[in-house]
Amino acid sequence: MSRTARFTIDPAFTVGEVSPRLFGSFVEHLGRCVYTGVFEPGHPSADEAGLRTDVLELVRELGVTAVRYPGGNFVSGYNWEDSVGPVDERPRRLDLAWRSTETNRFGLSEYIGFLRKIGPQAEPMMAVNLGTRGVAEALELQEYANHPAGTARSDLRAAHGDKDPFGIKVWCLGNEMDGPWQTGHKTAEEYGRLAAETARAMRQIEPDLELVACGSSGQGMDTFAAWESTVLQETYDLVDYISLHAYYEPHDGDIDSFLASAVDMESFIDNVVATCDHVGARLKSKKKINLSFDEWNVWYMSGWNTIENSGERDWAEAPRLLEDVYSVTDAVVFGSLLIALLRHADRVTVACLAQLVNVIAPIMTEPGGPAWRQTTFFPFAQASRYGRGEVLDVRVDSPTYETKKYGEADLLHATAVRADDGTVTVFAVNRDRTRPLPLEVVLNGLELTSVVEHSAIADADPDARNTLDDPERVTPHQVAGTTLRDGGLTAVLEPLSWNVIRLA
């Protein structure tokens with residue numbers, strides 16, 4: 001078998017337009033994501049609102065758009081009214097989800113202020129509590145956040161210092177309600193009815209909201225697909241999206257299967273699309289439900305489960321939880337997950353990297369100290385910057401390798417995006433841990449004449465990481481020898497590498 005990977009791109013064959021919301025992220029009241037993450041009054045870089053400006057600069061560089069808030073599991077015990085008004089009057093609460101104490105010093109107004117300081121590209125994506133609460137409380141929050149003036153809760157917002165409404169367009173109807181770990185866990189029938197009633201009521205106030213129904217917490221859930229089918233039977237005409245959540249890690253040292261994690265992610269997407277469209281067909285609806293992949297990442301969850309089951313957590317404020325430090329291998333898998341999302345841009349129109357700072361995050365901080373980029377920061381920043389436009393249909397002809405978990409998998413995982421100005425960016429991962437992979441791309445109907453750059457993340461040490469002591473150990477580097485001649489791109493992808501090849 002040839003050791004060269006190949007594919008053809010042609011602007012006549014496309015997947016779909018990339019939604020800016022594909023590059024969303026997630027801020028949950030969990031560990032140090034908020035406190036000593038984005039928000040640390042008294043830090044040398046803190047602004048007048050207590051936001052860390054060093055973190056804000058990195059968030060802008062990362063290129064995030066929609067930011068989901070305030071959870072996550074946290075939202076299923078969240079009382080929104082605790083998080084508004086004078087800070088010194090806000091109550092301290094027990095957070096059941098992460099067995100922590102929540103001070104509410106950072107709340108709804110601070111979240112909106114944080115987004116405004118990121119820039120106009122940052123959009124709120126607010127979750128409502130359908131675990132311990134329901135329709136009435138969701139409507140109260142919506143009125144407080146979005147109604148202009150002249151009612152009790154909109155006037156209360158103004159009295160709290162926010163005269164202008166927050167204009168939240170995208171709302172998540174609960175979080176992971178299929179999960180037995182979720183406070184207020186429900187059956188699909190129970191959740192479907194509650195989500196439908198909440199959606200119907202919220203649309204009476206604002207018909208043009210965009211609403212996300214909870215899908216399965218993972219493809220491995222026993223109720224997967226049946227859950228989506230039942231929930232959508234109740235909500236199909238009332239919601240715009242169904243959610244997907246997926247996290248990946250190596251099991252028992254099986255790095256080859258870990259490198260092929262996107263095989264699972266793509267099948268998850270395909271199966272949810274099939275389920276949505278089946279329900280639509282049953283209902284004889286012409287409407288298409290899109291996908292909100294609003295939690296995804298590499299997460300060493302098995303390590304967390306050990307801590308969680310130890311009983312050692314004792315209601316601390318902003319404890320150090322889930323602070324995974326990512327390797328080059330993790331960054332390559334992470335890049336492959338981004339490729340999977342782009343390859344399905346026709347139906348995945350919202351995606352949120354979980355999370356933004358400190359908690360399984362691309363940005364790390366130390367209290368009172370510096371902030372730095374993890375290895376996973378770079379693939380996300382490059383995809384957000386260069387992955388805007390139309391995704392071209394890429395069907396690879398690649399050498400393969402055997403994995404225990406997914407069977408035969410391609411060594412090449414790739415996609416290509418054509419920007420409005422006609423330039424094309426190829427995103428590619430070589431899953432081979434020891435050998436470079438030659439790549440040949442035929443460019444049909446594209447007036448491209450030069451390679452602008454070929455950037456890669458790869459390292460002789462696949463376990464290399466960026467840390468407090470060595471924050472720039474891993475960064476993207478330029479690759480020489482990539483050529484574009486007579487409508488053909490030729491490149492060599494380093495072993496175990498994430499690659500960005502820009503063509504003009």
Side-chain angles (χ1 to χ4, degrees), residues 28-30 68-85 90-91 93-98 102 104 107-108 111 124-147 151-154 156-157 165-166 168-217 221 223 227-243 245 289 292 294-295:
E28 180 171 10
H29 286 256
L30 192 182
R68 184 167 167 252
Y69 178 84
N73 296 348
F74 173 83
V75 80
S76 292
Y78 171 67
N79 295 347
W80 69 267
E81 54 272 55
D82 292 347
S83 78
V84 301
R90 296 180 191 174
R93 300 285 190 198
L94 297 180
D95 167 31
L96 276 60
W98 304 106
E102 174 54 51
N104 286 300
L108 183 57
Y111 160 64
M125 182 175 176
M126 188 79 193
V128 299
N129 176 0
L130 294 186
T132 59
R133 309 188 103 183
V135 180
E137 294 88 351
L139 292 176
E140 291 164 4
L141 170 57
Q142 181 187 8
E143 180 189 327
Y144 181 93
N146 282 6
H147 195 68
T151 65
R153 291 181 186 86
S154 59
L156 182 62
R157 182 196 66 242
F166 297 149
I168 302 171
K169 294 283 289 183
V170 185
W171 296 79
C172 302
L173 302 172
N175 173 75
E176 292 185 355
M177 298 310 300
D178 64 320
W181 58 85
Q182 198 70 210
T183 307
H185 161 63
K186 292 171 174 57
T187 66
E189 291 80 6
E190 290 166 340
Y191 170 71
R193 285 295 308 280
L194 178 58
E197 294 307 326
T198 306
R200 192 174 284 113
M202 291 180 76
R203 288 199 188 282
Q204 285 182 265
I205 298 175
E206 295 172 280
D208 60 346
L209 293 181
E210 296 180 52
L211 302 177
V212 185
C214 286
S216 294
S217 304
M221 296 293 289
T223 53
W227 171 278
E228 282 81 356
S229 180
T230 300
V231 168
L232 286 173
Q233 188 72 31
E234 296 284 351
T235 61
Y236 199 89
D237 290 327
L238 295 165
V239 302
D240 304 278
Y241 309 93
I242 190 102
S243 71
H245 292 177
I289 297 289
S292 176
D294 47 40
E295 288 187 34

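Because only heavy atoms are used, hydrogens play no part in the values below, and waters and symmetry mates are left out as well, while side chains stay in. In what follows, residues are counted from 1 in the order of the sequence shown.
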Q. Checking side chain to side chain donor-acceptor pair (under 3.5 Å) for the pair Glu210/Tyr241: CA distance, chi angles, key distance, verdict?
A. CA-CA 8 Å; Glu210 296 180 52; Tyr241 309 93; 2.6 Å; yes
Q) Within a strict 4.5 Å, meaning less than it, do heavy atoms of the Glu189 and Thr230 side chains meet? A) yes
**Q.** CA sep, side-chain torsions, deciding dist, call: Glu143, Thr151, side chain to side chain donor-acceptor pair (under 3.5 Å)
**A.** CA-CA 8 Å; Glu143 180 189 327; Thr151 65; 2.7 Å; yes
**Q.** Interatomic spacing from CD in Gln182 to CE in Met177 - rounded to 0.5 Å
**A.** 6.0 Å
Q | ring-ring contact (aromatic ring centres under 6.0 Å, His included) against Tyr236, all qualifying residues, sequence neighbours excluded | A | none
Q | Test log, rule side-chain contact (heavy atoms from CB on, under 4.5 Å), inputs Gln142 and Glu206 | A | CA-CA 9 Å; Gln142 181 187 8; Glu206 295 172 280; 2.8 Å; yes
Q) OH/Tyr191 to CG/Leu173 distance, rounded to the nearest 0.5 angstrom? A) 5.0 Å
Q) Considering all heavy atoms of both residues, which atom of Thr235 and which atom of Gly192 are nearest to each other, and what is their separation? A) CG2-O, 3.6 Å
Q: Would you name the heavy atoms of Trp171 and Ala145 that are closest together and state the gap between them?
A: CH2-CB, 4.4 Å
Q.
Using side-chain heavy atoms (C-beta onward) and a distance below 4.5 Å, is Tyr111 in contact with Pro124?
A. yes
Q. Taking the side chain as C-beta and beyond, is there a heavy-atom pair between Leu232 and Ile242 under 4.5 Å?
A. yes
Q. So, Trp98 versus Phe74, ring centres under 6.0 angstrom or not?
A. no
Q | Check ion pair Glu295-Arg68 (N to O, under 4.0 angstrom) | A | yes
**Q.** Within-4.5 Å side-chain heavy-atom neighbours: Cys172 and Met125
**A.** yes
Q: Name the orientation class of the two ring planes belonging to Tyr69 and Tyr78 (parallel below 30°, tilted from 30 to 60°, perpendicular beyond 60°).
A: perpendicular
Q | salt_bridge(Lys186, Glu176) N-O dist < 4.0 Å | A | no
Q. Hey, are Ser76 and Asn73 close enough side-chain-wise for a donor-acceptor pair under 3.5 Å?
A. no
Q | Pairwise side-chain contact, Lys169 with Asn146, heavy-atom cut-off 4.5 Å (strictly under) | A | no
Q) Say you draw a straight line from CE of Met202 to CG of Leu139; how long is it, rounded to the nearest 0.5 Å? A) 7.0 Å
Q. CZ/Arg193 to OG1/Thr198 distance, rounded to the nearest 0.5 angstrom?
A. 11.0 Å
Q: Go through the steps for Asp294 and His245 under the test side chain to side chain donor-acceptor pair (under 3.5 Å), then give the verdict.
A: CA-CA 6 Å; Asp294 47 40; His245 292 177; 2.6 Å; yes
Q) Between Asn79 and Glu137, is a side-chain contact (heavy atoms from CB on, under 4.5 Å) present by the stated rule, with each step listed? A) CA-CA 9 Å; Asn79 295 347; Glu137 294 88 351; over 6 Å; no
Q | Of Asn175, Leu30, Val75, the residue whose pairing with Pro70 passes side chain to side chain contact (heavy atoms under 4.5 Å, CB included) | A | Val75
Q. Taking side chain as C-beta onward, heavy atoms only, is Arg133 less than 4.5 Å from Val128?
A. no
Q) Out of curiosity, Asp178 CG to Ser217 OG, how far, rounded to the nearest 0.5 Å? A) 3.5 Å
Q) What are the two closest heavy atoms between Thr187 and Glu190, and how far apart are they? A) N-OE1, 2.9 Å
**Q.** Heavy-atom side-chain proximity of Leu209 to Val170 below 4.5 angstrom
**A.** no
(Q) Could you measure the distance from the CD atom of Glu102 to the CZ atom of Arg90? Nearest 0.5 Å is fine. (A) 10.0 Å
Q: Taking the side chain as every heavy atom from C-beta outward, state whether Asn104 and His29 have any atom pair closer than 4.5 Å.
A: no
Q. Which pair of heavy atoms, one from Leu130 and one from Leu194, lies closest together, and at what distance?
A. O-CD2, 3.7 Å
